Amino acid sequence: MRNLINFTDRCEIVACDMFFDVLDVNLDKKDPYRYMADRLLRNTVNGSRDNRINAVLKYAKE
C-alpha cells in the first residue's frame with residue numbers, strides 16, 4: 001500500500017476524527033459550557049451515519 005500512495009497525485013488518505021467537529025465551533029472563553037454543548041451537538045457521531053459521511057466529504061474537499 002505504501003508504494004501505491006506515497007508521493008503520488010493519484011490518491012490521498014483522508015481521515016476523520018472527532019477533533020474536526022471543533023473547527024466549526026467558536027470558543028467563547030466567557031461561556032465554556034456553551035462551547036462544550038455546541039461540540040456535543042455538532043458531533044458527527046450524533047445522529048445518522050450520514051452526518052459522519054458528510055463531514056468526511058466536507059473536510060476532504062477543504
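No experiment lies behind these values; they were computed from the predicted model shown.
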At what distance, to the nearest 0.5 angstrom, does OH of Tyr35 lie from CG of Leu40?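 Output value for this atom pair is 10.5 Å.
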Residues forming a salt bridge (charged side-chain N to carboxylate O under 4.0 Å, His left out) with Asp31, sequence neighbours excluded: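 Listed in chain order: Arg34.
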Apart from Ile53 itself, what residues make up its hydrophobic cluster, given side-chain heavy atom links below 4.5 Å?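 Reading the cluster by chain and number, Ile53 sits alongside Leu57.
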